[in-house]
Amino acid sequence: MPELPEVETVRRGLAVRLEGRRIVRVEQRRGDLRWPLPVGLPARVEGRTVRSVGRRAKYLLIGLDDGMVLLVHLGMSGRMVLTPIDRAAPPGPHDHLVFDTDDGWRIVFNDPRRFGMIDLVSGNALPTHRLLAALGPEPLEESFSPDCLSDRLAGRQTSIKAALLDQRTVAGLGNIYVCEALFEAGVSPSRSAASVAGKRCLRLVPAIKDVLTRAIAAGGSSLRDYVQTTGELGYFQHAWAVYGREGQACRHCDCEPARTGGVQRLVQSGRSTFFCPRRQR
DNA sequence: ACGAGAACCTGTTTGC
DNA sequence: TGCAAACAGGTTCTCG
């Protein structure tokens, strides 16, 4: 579910309800997600006031008033669901953590596949945290420039698709937005990363920024039952040009799928890639 | 050192 | 219709 735009959407939803609120109760309903949860998590969070809700790449950073930060990754299927406590349903089988605030709101972390990760770390230690230390630049920051990406792609033998999926190259892109950005830039996903270093980054970097910005504005992409913290659906999935559109016309070619084959699908390092071979070279 | 593939886990969709 | 296989937004680990 969650790539940068979805996590940013969740961050904004959480910030509204959590910033300045005290967490009066934490219920931990199982001991592990991808890894064991931090020892004594509920007791270490109960009574704390939330200072800030930030984001780094696909990680949510919930800053507490004692200087600790709750680090949350939603994995593939993680969700944060917000409801008033008096209207909250009983916890379901995949509701792993429940947080109640002093003004009567409940935040439930739900994650059926349990690829999510949660840690509680000192704010000072964040930059060197094992999950964050190697992350590449934030794609929406100004410092993420064509030159910056070019340097990171130079000399790499893997495909541009795999390189952009690698969070050390640039942080926050996932399978959907890599496909969309490569389409918008007119770059073939099969091209070597090294061959994109240089002038193709002049198109690729603005395309990445544009796709992410538009997706955030739309509240992210909703697949299956993914909803924002508010319960609303994101609607960027309707704007996809190529992702999930095998055999259909891409958003910019007038070509008839019956004659040209339309959007093509291929598998790269085990993941589906969607692209338009007429537009992407 | 780097890159491809497997593994982690559950739910939903697809195909025979 | 029913069941099994394929597939899904991510990350880490292993192996060549």
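Just so we're clear, the structure is a prediction, and the values are computed from it rather than from any experiment.
- Atom CD of A/Gln268 is separated from atom P of C/dG10 by 14 Å (rounded to the nearest Å).
- Distance CZ (A/Arg168) to P (B/dC2): 8 Å, rounded to an integer number of Å.
- When the P atom is compared between B/dG11 and C/dT1, the two are found 24 Å apart, to the nearest whole Å.
- For B/dA6 and C/dA6, the P atoms lie 13 Å apart once the distance is rounded to whole Å.
- Distance from the side chain of A/His94 is smallest to B/dT10 among C/dA8, C/dG9, B/dT10.
- When all heavy atoms are compared, the tightest approach of A/Asn124 to A/Pro127 is O-CD, 3.4 Å.
- Base-pairing analysis of DNA chain B finds the following stems of at least three consecutive Watson-Crick or G-U pairs, with both pairing distances under 3.5 Å: B:2-8 with C:10-16, B:10-16 with C:2-8.
- Between A/Asp95 atom CG and B/dT10 atom C1' there is a gap of 14 Å when expressed in whole angstrom units.
- The phosphate of C/dG9 (OP1 or OP2) has no side-chain N or O of A/Ser221 nearer than 4.0 angstrom.
- Contact between the side-chain N/O atoms of A/Ser272 and the OP1/OP2 oxygens of C/dA8 is found at a separation under 4.0 Å.
- Counting only heavy atoms from C-beta on, A/Lys58 has its side chain closest to C/dG10 among C/dT12, C/dG9, C/dG10.
- Taking atom CG on A/Leu4 and atom C1' on C/dG10, their separation rounds to 14 Å, with Å as the unit.
- The cationic group of A/Arg79 does not satisfy the cation-pi geometry with A/Phe109, failing either the under 6.0 Å distance to the six-membered ring centre or the 45° limit from the ring axis.
- The aromatic ring of A/Phe115 does not sit over the base of C/dT11; the criterion of centres under 5.5 Å apart with planes under 30° is not met.
- Relative to the ring axis of A/Trp35, A/Arg130 places its NZ or CZ within 45° and under 6.0 Å from the centre.
- With hydrogens and angles left out, the side chain of A/Arg113 and the base of C/dA8 share a donor-acceptor pair within 3.5 Å.
- A straight line from CG of A/Asn110 to C1' of B/dC9 spans 14 Å, rounded to a whole angstrom.
- Nucleotide B/dG3 holds its C1' atom 15 Å from the CG atom of A/Leu153, rounded to whole Å.
- Among the nucleotides C/dG10, C/dT11, B/dT10, the one closest to the side chain of A/Arg114 is B/dT10.
- One interatomic measurement links the two molecules: CG of A/Asn175 to P of C/dG10, which rounds to 6 Å at whole-angstrom precision.
- Whole-Å rounding puts the A/Leu164 CG to B/dG3 C1' distance at 15 Å.
- Within the 4.0 angstrom heavy-atom criterion, only backbone atoms of the sugar-phosphate kind lie near A/Arg265; the bases stay farther away.
- Looking at heavy-atom distances under 4.0 Å, A/Gln167 makes contact with sugar-phosphate atoms alone, never a base.
- Cluster membership for A/Leu61 and A/Leu74, using ILVMFWY side-chain heavy atoms within less than 4.5 angstrom, is not shared.
- A/Gln280 contributes no side-chain N or O that, together with a main-chain N or O of A/Pro277, makes up a donor-acceptor pair within less than 3.5 Å.
- Side-chain atoms of A/Glu8 never come within 3.5 Å of backbone atoms of A/Arg55 as a donor-acceptor pair (strictly under, hydrogens ignored).
- By the 6.0 Å contact criterion, CZ on A/Arg168 is open, its count of non-hydrogen atoms from other residues, nucleotides or ligands being 12 or less.
- By the criterion of side-chain heavy atoms lying less than 4.5 angstrom apart, applied directly or through intervening Ile, Leu, Val, Met, Phe, Trp or Tyr residues, A/Val7 is not grouped with A/Leu131; the two fall into different hydrophobic clusters.
- For the C1' atoms, the distance linking B/dT12 with C/dT11 amounts to 22 Å, nearest Å.
- A/Leu165 comes within 4.0 angstrom of nothing in the nucleic acid, heavy atoms only.
- The phosphate of C/dG9 (OP1 or OP2) has a side-chain N or O of A/Arg271 nearer than 4.0 angstrom.
- The A/Gln157 side chain lies nearest to B/dG3 when the options are C/dT12, B/dG3, C/dG9.
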